[in-house]
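One is the number of the first residue; the rest follow in order along the sequence.
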Amino acid sequence: DIPQTHHGLQQVKHAQKHLALSLWRDTDFMSGSILGFASPMEEGRLQNGIPYGAMSGSSYASISPVLARKFVLPSSAFSIKDLDAKYQVYCLAALSTRNLTGIATANPSSILKLVHLIEDNIDQLMTLLRGEHSSWVLPAAEACLPEILQRGDHRHIAELNKKLHLNGSLTPADIWPKLSTIATWTGGSCGIAINQLKTYLPDDVRFAEFGYGSSEFMGSANVDVLNNTCLPLLNHHVYEFVKRADWEAEQHKFLGLHQLQPGQDYYIFITSRSGLYRYNINDIVRAAPGVGDCPAIQFIQKGRGVTNITGEKLSEFQLIEAVNRCQDNFKLITGGYMALADEQASLYHLHLEFDKPSIAEPLAQALDDCLRELNGEYDDKRASGRLRPLKLSRFCDNASEVIKSWCVASGAREAQYKPTILAYAKDWSEKLSPLIEQD
């Protein structure tokens, strides 16, 4: 239901050019092949004949032909509707080239899923790349296989087969020895998938911010990927902001870009040339140092990413920070997680994928202490007994992937999926119970 006008396409191109120039100037993203993720540009037509589809497909269709030739994925793969088959094609294309230097996807969880699929199905994938048949492959993916084999690096495939035979497995460094940079969303809950990816990838792989954007509008362009400086698209939108505390107190004191203060959080409102007028997308952004007098803006979280049991107003950002700190302090390998505000029990129940069940008790205490440090109201409510100590349960392996599959099956776009990490127990407890380990 979001119209994509000529001006809407132009703002996407504008942001793409800035990101492309910065990637070319400051990284090796462009030096080899690129793996790009996208959904179909046209998924159907309305009753009046107007086509509808995914923003990512529209973005891919608008890139330079010079850049498009670098993409390792056959263009026909973007129109595959079966998500499992599409990911099989991604896996085969990713394995078939030694010269992959860049990966582009709005959502880092897509790359994480790709890594897990390759890890779990490496024997079947290499069988297909040797030109042999495997019953594992789905028909839509098998249709793309001849083009993948034709374009593939056969010497690299032979090297991978040899390493697989000797070691029994392949690492991302074996598969992508030249990978330089991943262009993706890095803000908000996307940081969870990035932290997991970093445990698989070489330390020198850079994560470049895709830019603050949505299906409705592209809000910023990354002009400096070394510092991920994302400037607002001044010649496409009128930007208005309200300080986060003011908006949540129902004080609508609107500000312009020139009034933003670095380090402060704001709700953002857009008037666009595509027809949106003072549009409230319910996003919280943070002002940061930009270029000259123009501030940069960084996505922090959705406005609804806040729960409240007794006045503590816990945010996604605070939860992410607490988990990150404890992950480092306890030297944990973690996966996805979700914290539920249990209004009946007056506590937060965190479900977390982590590798050391024996430390659950001290970990729960440390997480609770971090939240008290990060959120003064949470600390006050804990001190007064209005909130009880945080409760910790261990998610089973790949629980986050199961939750994602539920959301996609319910109609969420896979490419735009952002994990829910903070919610209410009344909405999620029963659904999550099969995913909790009974340690």
Side-chain angles (χ1 to χ4, degrees), residues 1-25 29-30 34-44 50-71 73 75 78-79 102-108 110 181-188 190 207-225 228-239 257 268-277 279 281 283 285 290-291 294 296-299 413-418:
D1 296 326
I2 299 165
Q4 186 60 282
T5 66
H6 168 74
H7 289 302
L9 292 171
Q10 289 304 308
Q11 52 152 324
V12 173
K13 281 190 175 184
H14 189 176
Q16 283 179 338
K17 287 178 181 177
H18 278 294
L19 178 60
L21 285 168
S22 189
L23 288 168
W24 170 77
R25 182 185 64 222
F29 182 94
M30 304 284 188
I34 299 169
L35 179 63
F37 290 69
S39 298
M41 182 176 70
E42 184 174 326
E43 296 176 336
I50 294 176
Y52 64 86
M55 188 64 225
S56 59
S58 178
S59 299
Y60 174 77
S62 69
I63 66 172
S64 159
V66 175
L67 190 59
R69 284 197 290 270
K70 286 181 165 288
F71 278 59
L73 204 66
S75 58
F78 293 134
S79 61
I103 299 178
T105 177
N107 201 319
S110 299
T181 307
I182 295 173
T184 187
W185 284 331
T186 63
C190 289
F207 287 86
E209 170 58 49
F210 223 44
Y212 168 57
S214 63
S215 297
E216 293 94 326
F217 62 89
M218 195 68 198
S220 73
N222 193 340
V223 300
D224 176 5
V225 296
N228 280 333
T229 302
C230 297
L231 297 182
L233 299 180
L234 293 170
N235 57 340
H236 290 283
H237 313 302
V238 174
Y239 292 80
L257 275 167
I268 184 171
F269 304 84
I270 290 289
T271 296
S272 75
R273 296 171 72 184
S274 293
L276 298 174
Y277 178 70
Y279 180 69
I281 195 172
D283 282 350
V285 298
V291 176
C294 183
I297 54 176
Q298 304 166 339
F299 174 76
R413 287 192 184 279
E414 195 276 337
Q416 296 176 339
Y417 170 78
K418 297 182 182 69

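Taking 4.5 Å as the limit, every side-chain heavy atom of P3 sits out of range of all side-chain heavy atoms of S274. Side-chain contact between W185 and F207 is absent, with no heavy-atom pair separated by less than 4.5 Å. Side-chain contact between R273 and Q11 is absent, with no heavy-atom pair separated by less than 4.5 Å. Between Y52 and E43 there is a side-chain heavy-atom pair separated by less than 4.5 Å. Two residues are said to be in side-chain contact when any heavy atoms from C-beta on lie closer than 4.5 Å; V225 and T181 fail this criterion. Between L233 and F217, every side-chain heavy-atom pair lies at or beyond the 4.5 Å cut-off. Between F37 and L73 the shortest side-chain heavy-atom distance does not fall below 4.5 Å. Taking 4.5 Å as the limit, every side-chain heavy atom of E216 sits out of range of all side-chain heavy atoms of I270.
A donor-acceptor pair is defined here as one N or O able to donate and one able to accept, closer than 3.5 Å; such a pair exists between the side chain of T184 and the backbone of T105. One N or O on the side chain of N222 and one on the backbone of E209 form a donor-acceptor pair closer than 3.5 Å. Between the side chain of Y239 and the backbone N or O of G219, at least one donor-acceptor pair lies under 3.5 Å. The closest donor-acceptor contact from the side chain of S220 to the backbone of I297 lies at 3.5 Å or more, if one exists at all.
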Practice task
Kindly indicate, with the supporting measurements, whether the criterion side-chain contact (heavy atoms from CB on, under 4.5 Å) is fulfilled by V291 and D224.
Solution key: CA-CA 10 Å; V291 176; D224 176 5; over 6 Å; no
Practice task
Take L231 and H18, measure what side-chain contact (heavy atoms from CB on, under 4.5 Å) needs, and give me the verdict at the end.
Solution key: CA-CA 10 Å; L231 297 182; H18 278 294; over 6 Å; no
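When the side chain to side chain donor-acceptor pair (under 3.5 Å) test is applied to T271, no partner is found at least two apart in sequence or on another chain. Applying the ring-ring contact (aromatic ring centres under 6.0 Å, His included) rule to H7 yields no partners; only residues at least two apart in sequence or on another chain are considered. Under the rule for a side chain to side chain donor-acceptor pair (under 3.5 Å), S79 has no partner lying at least two apart in sequence or in another chain.
Minimum heavy-atom separation, H237 to S272: ND1-CB, 3.5 Å. In terms of heavy-atom proximity, L23 sits nearest to A208 at CD2-CB, 4.0 Å. Minimum heavy-atom separation, A221 to A15: CB-CA, 3.8 Å. Across all non-hydrogen atoms, the minimal contact from F210 to A104 is CE1-CB, 4.4 Å.
A parallel orientation is assigned to the rings of Y212 and F299, their planes being inclined by less than 30° (bins at 30° and 60°).
Atoms CZ and CD1, on F269 and I281 in that order, are 11.0 Å from each other to the nearest 0.5 Å. Annotation: the span from Q10 atom CD to H6 atom NE2 amounts to 4.0 Å, rounded to 0.5 Å. One finds the CE atom of M30 at 8.0 Å from the NZ atom of K70 (value rounded to the nearest 0.5 Å). Between I182 atom CD1 and I103 atom CD1 the span is 4.5 Å, to the nearest 0.5 Å. Q298 contributes atom CD, which lies 8.5 Å from atom OG1 of T229 (distance to the nearest 0.5 angstrom). The distance from the CD atom of Q16 to the CE atom of M218 is 8.0 Å, given to the nearest 0.5 Å.
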